[in-house]
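Input: a single structure, listed below in structure tokens.
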Amino acid sequence: KSVIAIPDQERSIHHRKLLDQLRRQTKALISDPKTPVKDVLKLLSTGFETIVLSIIQTSLKQYPPPPCRFAFVWMGSGARMEMCPYSDWE
């Protein structure tokens, strides 16, 4: 039996909605020129973290258990809470 499965469409839509919501929040925040850059970066970083954690949780429910324990570690701009709207994810 193959472990490859089609992603749950409802969850994919949920993750897309989270991303769209984050983009709207970011636009609203940057529309005020007095908003500190660090506030925008923190919003993006925590928003992306929320989305990634949701994707991991969904995957753990949808697929067979992983063969070993694992960790997801933010590095670089994610770890520093400096993610930009189009930061690269390693």
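This structure is a prediction, so every number in the text was calculated from the model and none was measured.
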When the side chains of residues 32-45 are checked against the rest of the protein, which donor-acceptor pairs come out under 3.5 Å, sequence neighbours left out?
residue : atom : partner : partner atom : Å
Asp32   : OD1  : Lys34   : N            : 2.9
Thr35   : OG1  : Leu29   : O            : 2.8
Thr35   : OG1  : Asp32   : O            : 3.1
Ser45   : OG   : Leu41   : O            : 2.9
Ser45   : OG   : Glu82   : N            : 3.3
Ser45   : OG   : Met83   : N            : 3.0

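Leu19 places none of its side-chain heavy atoms less than 4.5 Å from the side chain of His15.
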* Please walk me through it: do Phe70 and Leu60 pass side chain to side chain contact (heavy atoms under 4.5 Å, CB included)? -> CA-CA 11 Å; Phe70 69 93; Leu60 290 172; 3.8 Å; yes
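Residues satisfying the side chain to side chain contact (heavy atoms under 4.5 Å, CB included) test with Ser59, not counting sequence neighbours, are Ile55, Tyr63.
Leu53 and Trp74 are assigned to two separate hydrophobic clusters, defined by single-linkage of ILVMFWY side chains at heavy-atom distances under 4.5 Å. A continuous path of ILVMFWY side-chain contacts below 4.5 Å connects Leu18 to Phe48, so both sit in one hydrophobic cluster.
No donor-acceptor pair closer than 3.5 Å links the side chain of Ser54 to the backbone N or O of Ile51.
Expressed to the nearest 0.5 Å, how far NE2 of His14 lies from OG1 of Thr58 amounts to 7.0 Å.
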